[in-house]
Student: 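Below you'll find the structure I mean.
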Amino acid sequence: MDAFYKIIISDYKQRTRSYTFLITLAISLYFAYAFLPAANAAYTTVRIGNYIGVQNAAWIGYVTAMMTSVFLAMTGFYLVNSGIKKDIDTGVGEIVATTPISNFNYLFAKACSNFLVLLSITGCVFVMSIALFFIRSAGYPFDLAQLILPYLLITLPTICFVAALAVAGEVFLHRYTILMNVGYFFFFCAMGSLQASTTGSFDLFGNKPVTNAMQESVARHSRGTNLALSMGFNFSDKRDFHSFIFNGVDWTITGILSRLLWIGFGLLIIFISAKYFHRFDIKQKVKTKKKSRSLEITLHAQPLHDIKLSELPPVTPAYGIMPFVKTELLMLYRKGPRWLWIINTGGMIALSLAPLVIAHQMILPCLWFLQVARWSDLATKEKTNRIHYFTYASYKPLTRLLPAQMMAGIIISLVLASPLLIRYLLLMQFLPVFNIIMGGIFIVLFAVAIGILSGGKKLFEILFFLFTYLNIEKVPFTDYFGGMNHGMNYIFLIGGLIMLLAFISFTWRKMEISRV
């Protein structure tokens with residue numbers, strides 16, 4: 001048990017002391033504040049038809065808990081799905097493998113560490129919800145139980161399952177991180193769709209009992225027939241909206257057990273993963289064909305004393321940027337499994353055949369999100385592979401290597417979007433073409449800037465997932481590729497952001513080079 005607790009504590013400290021955690025915490029607090037819009041705000045987060053709840057303790061507690069459950073299910077997986085990988089990279093895993101700790105205890109310790117990280121964010125959001133009550137309660141009595149209970153029954157089971165699922169993802173897909181990241185995206189979308197149709201027993205986010213209680217409250221206090229649930233950032237005029245009093249949810253034994261069921265699912269996932277855990281024996285088997293080929297090359301190697309320097313081709317220095325661009329493009333092309341390019345090709349075909357609106361608003365962001373593993377370490381792979389001392393000491397790394405990485409990423413983004421660009425050009429619609437080009441440049445520079453600032457790829461993966469999901473939900477302020485028919489102001493705004501990201505990238509990289 002002593003080793004079990006030490007794994008949890010050390011892993012938790014390592015995660016919470018990173019820039020990625022602090023930035024994610026800051027973003028979470030910002031969204032927690034935005035989850036509960038002010039009375040004069042131009043948007044809503046939860047409404048039933050044209051009814052919005054008064055901001056009493058029950059409404060504030062349940063709304064913030066529901067939105068936090070969805071938000072942490074959305075981003076928490078990408079925040080905590082690298083605990084085992086860090087042990088592999090640092091060599092700690094091989095030491096752990098020699099200890100008596102069992103596979104289940106080790107994986108369960110990692111899941112507990114993941115849970116504590118997400119619980120820390122949940123705790124900060126909970127404190128924010130209490131502060132929001134005193135700011136916006138408008139004289140309603142303070143009821144601590146109505147603030148605590150939603151987080152206990154809604155948010156905590158969700159983050160518990162996500163913490164366990166992140167461990168299982170590393171066990172079964174430790175060699176296919178792209179598949180793990182993309183697969184969770186579709187899993188999350190499937191859970192969101194299932195929430196709309198389920199009765200509450202298999203609702204991962206735990207929102208169905210609450211929204212049903214809200215709809216019943218509206219039905220009792222109004223004669224309107226419009227009880228449609230609208231959950232998310234919805235920008236609309238509030239002048240036609242009415243208020244209703246929401247007094248919380250009368251939880252039944254069945255409802256409580258349905259939430260505890262997700263904790264049981266998490267434990268079951270850990271138990272199954274322990275049976276197949278590699279225990280850090282991850283040596284890749286070399287194919288016989290490759291062995292024979294390397295042996296053949298060795299046997300036919302020319303002895304060193306037979307090499308004549310006069311017969312070798314002369315060395316011609318090349319200080320241009322194009323060799324770097326070609327090299328970066330080749331590395332981006334070869335990164336990840338080859339079958340992913342089959343999916344990319346299918347996405348490009350879908351861009352050619354689908355209706356323009358669907359292709360632009362739905363397929364393009366999903367196709368770009370499939371490249372998250374290619375772009376996430378675009379400017380940080382040198383540090384990851386510990387060759388940054390060599391690259392930083394090369395000839396003009398700031399004006400050759402970094403621009404080449406940016407150009408290679410932009411080329412990949414535009415090639416993938418080329419079917420949609422051609423369709424718009426054939427229709428003589430030039431504004432969407434500019435929007436897509438600016439969007440491709442923006443997302444690559446965003447990956448570079450976030451990677452350089454955070455020193456890793458985790459933060460970009462979280463933010464890119466958030467951007468992609470919010471774009472599918474048609475949230476205007478995350479539309480970086482112009483899928484919602486913005487005007488010329490959009491181009492100027494994205495252009496300004498691109499210049500800012502480029503300035504941050506070059507300035508911060510210059511500081512890094514000067515410190516080496």
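Numbers for residues simply follow the sequence, beginning at 1.
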Student: In chain order, what residues pass the side chain to side chain contact (heavy atoms under 4.5 Å, CB included) check against I513, with sequence neighbours excluded?
Tutor: Y392, P397, L398, R509
Student: Can K110 and E170 be counted as an ion pair, charged N to O under 4.0 angstrom?
Tutor: no
Student: For the residue pair A58 and G248, what are the closest heavy atoms and their distance?
Tutor: CB-N, 3.6 Å
Student: I'd like to know if the side chain of D479 and the backbone of M484 have a donor-acceptor N/O pair within less than 3.5 Å.
Tutor: yes
Student: Run the side chain to side chain contact (heavy atoms under 4.5 Å, CB included) check on F460 and I443 step by step: do they pass?
Tutor: CA-CA 10 Å; F460 173 73; I443 197 61; 4.3 Å; yes
Student: Do the ring planes of Y62 and W251 sit parallel (below 30°), tilted (30 to 60°) or perpendicular (above 60°)?
Tutor: parallel
Student: For residues 494-501, tabulate all N or O donor-acceptor pairs below 3.5 Å that involve a side-chain atom, not counting sequence neighbours.
Tutor:
none

Student: Hey, could you give me the CD/OG distance between Q55 and S243, rounded to the nearest 0.5 Å?
Tutor: 9.0 Å
Student: Less than 4.5 Å apart, any side-chain heavy atom of F277 and any of F104?
Tutor: no
Student: Could you check whether Y151 and T64, counting side-chain N and O atoms only, form a donor-acceptor pair closer than 3.5 Å?
Tutor: yes
Student: Distance check, rounded to the nearest 0.5 Å: M511 atom CE versus F506 atom CZ?
Tutor: 16.0 Å
Student: Please round to the nearest 0.5 Å and tell me the distance separating atom CG of L156 and atom CG of L260.
Tutor: 10.5 Å
Student: Is a donor on one side and an acceptor on the other found under 3.5 Å between the side chain of S454 and the backbone of G456?
Tutor: yes
Student: Using the side-chain contact (heavy atoms from CB on, under 4.5 Å) definition, which of the options I7, L119, L116 pairs with Y12?
Tutor: L116
Student: Could you check, using the six-membered ring where one of them is a Trp, whether W59 and F244 have ring centers closer than 6.0 angstrom?
Tutor: yes
Student: Start with the C-alpha distance between T75 and F71, add both sets of side-chain angles, then the distance that settles side chain to side chain contact (heavy atoms under 4.5 Å, CB included), and finish with yes or no.
Tutor: CA-CA 6 Å; T75 61; F71 178 78; 3.8 Å; yes
Student: Checking side-chain contact (heavy atoms from CB on, under 4.5 Å) between F31 and each of L466, T45, T68, V125, which is the one that passes?
Tutor: L466
Student: Would you say that F115 contacts V162 through its side chain, given a criterion of any heavy-atom pair below 4.5 Å between the two side chains?
Tutor: no
Student: Which value, rounded to the nearest 0.5 Å, describes the distance between L153 atom CG and S258 atom OG?
Tutor: 9.0 Å
Student: Do the side chain of K457 and the main chain of A373 share a donor and acceptor less than 3.5 angstrom apart?
Tutor: no
Student: Within the distance-only criterion (no hydrogens, no angle test), does the side chain of N114 pair as donor or acceptor with the backbone N or O of A163 below 3.5 angstrom?
Tutor: yes
Student: Is there a donor in the side chain of S217 and an acceptor in the side chain of Y51, or the other way round, less than 3.5 Å apart?
Tutor: no
Student: Is a side-chain donor or acceptor of N471 paired with a backbone partner of T478 at a separation under 3.5 angstrom?
Tutor: yes
Student: Would you sort out whether I472 and C366 count as a side chain to side chain contact (heavy atoms under 4.5 Å, CB included), showing the intermediate values?
Tutor: CA-CA 9 Å; I472 294 176; C366 292; 3.7 Å; yes
Student: With heavy-atom distances below 4.5 Å as the criterion, would you say the side chains of Q215 and R220 are in contact?
Tutor: no
Student: Using the side chain to side chain donor-acceptor pair (under 3.5 Å) rule, take N105 and S102 through it: C-alpha gap first, then chi angles, then the decisive distance, then the call.
Tutor: CA-CA 5 Å; N105 286 341; S102 64; 3.2 Å; yes
Student: When rounded to the nearest 0.5 angstrom, what is the spacing between CG in L416 and CH2 in W368?
Tutor: 8.5 Å
Student: Tell me, yes or no, whether the heavy-atom count around Y176 atom OH, taken from other residues, nucleotides or ligands under 6.0 Å, exceeds 12.
Tutor: no
Student: Just so I know, are the side chains of R47 and M231 near enough to count as touching, which here means a heavy-atom distance under 4.5 Å?
Tutor: no
Student: Taking the side chain as C-beta and beyond, is there a heavy-atom pair between K458 and N81 under 4.5 Å?
Tutor: yes
Student: What are the two closest heavy atoms between A57 and P141, and how far apart are they?
Tutor: CB-O, 4.1 Å
Student: Answer yes if the ring centres of F108 and F4 are under 6.0 angstrom apart, and no otherwise.
Tutor: yes
Student: Answer whether the closest heavy-atom distance between the side chains of L29 and C124 falls below 4.5 Å.
Tutor: yes
Student: Is it true that K86 and D11 have a side-chain N and a carboxylate O under 4.0 angstrom from each other?
Tutor: no
Student: Should the pair Y184 and F188 be assigned to parallel (<30°), tilted (30 to 60°) or perpendicular (>60°) ring geometry?
Tutor: tilted
Student: Calculate, to the nearest 0.5 Å, the distance between atoms CD1 and CD1 belonging to I60 and I130 respectively.
Tutor: 10.5 Å
Student: Between L378 and R374, is any pair of side-chain heavy atoms under 4.5 Å apart?
Tutor: no
Student: Kindly say whether F246 contributes a backbone atom to a donor-acceptor pair with the side chain of N56 at under 3.5 angstrom?
Tutor: yes
Student: Of all heavy-atom pairs between L402 and A379, which one has the smallest distance, and what is that distance?
Tutor: CD1-CB, 4.3 Å
Student: Do R15 and S82 have a side chain donor and acceptor closer than 3.5 Å?
Tutor: no
Student: Can K85 and H174 be said to form a side chain to side chain contact (heavy atoms under 4.5 Å, CB included), step by step?
Tutor: CA-CA 8 Å; K85 183 178 182 301; H174 64 280; over 6 Å; no
Student: Shortest non-hydrogen contact from I154 to G206?
Tutor: CG1-O, 3.7 Å
Student: Mark yes or no for whether H360, through its side chain, and F481, through its backbone, hold a donor-acceptor pair below 3.5 Å.
Tutor: yes
Student: Is there a donor-acceptor pair closer than 3.5 Å between any side-chain N or O of W262 and the backbone N or O of D203?
Tutor: yes
Student: Taking F185 as the fixed residue, which of F467, F465, Y469 is the one that meets the ring-ring contact (aromatic ring centres under 6.0 Å, His included) rule?
Tutor: F465
Student: With a 4.5 Å limit on heavy-atom distance, are the side chains of F446 and F464 in contact?
Tutor: no
Student: Closest approach of L107 and V167, non-hydrogen atoms and distance?
Tutor: CD2-CG1, 3.8 Å
Student: Which heavy atom of P365 sits nearest to which heavy atom of T468, and what is that distance?
Tutor: O-CG2, 3.9 Å
Student: Does F503 CZ have over 12 foreign heavy atoms under 6.0 Å away?
Tutor: no
Student: Keeping T252 on the side-chain end and G255 on the backbone end, is there a donor-acceptor pair under 3.5 Å?
Tutor: yes
Student: Look only at the side chain of T158 and the backbone of L204, and say whether a donor-acceptor pair between them is shorter than 3.5 Å.
Tutor: yes
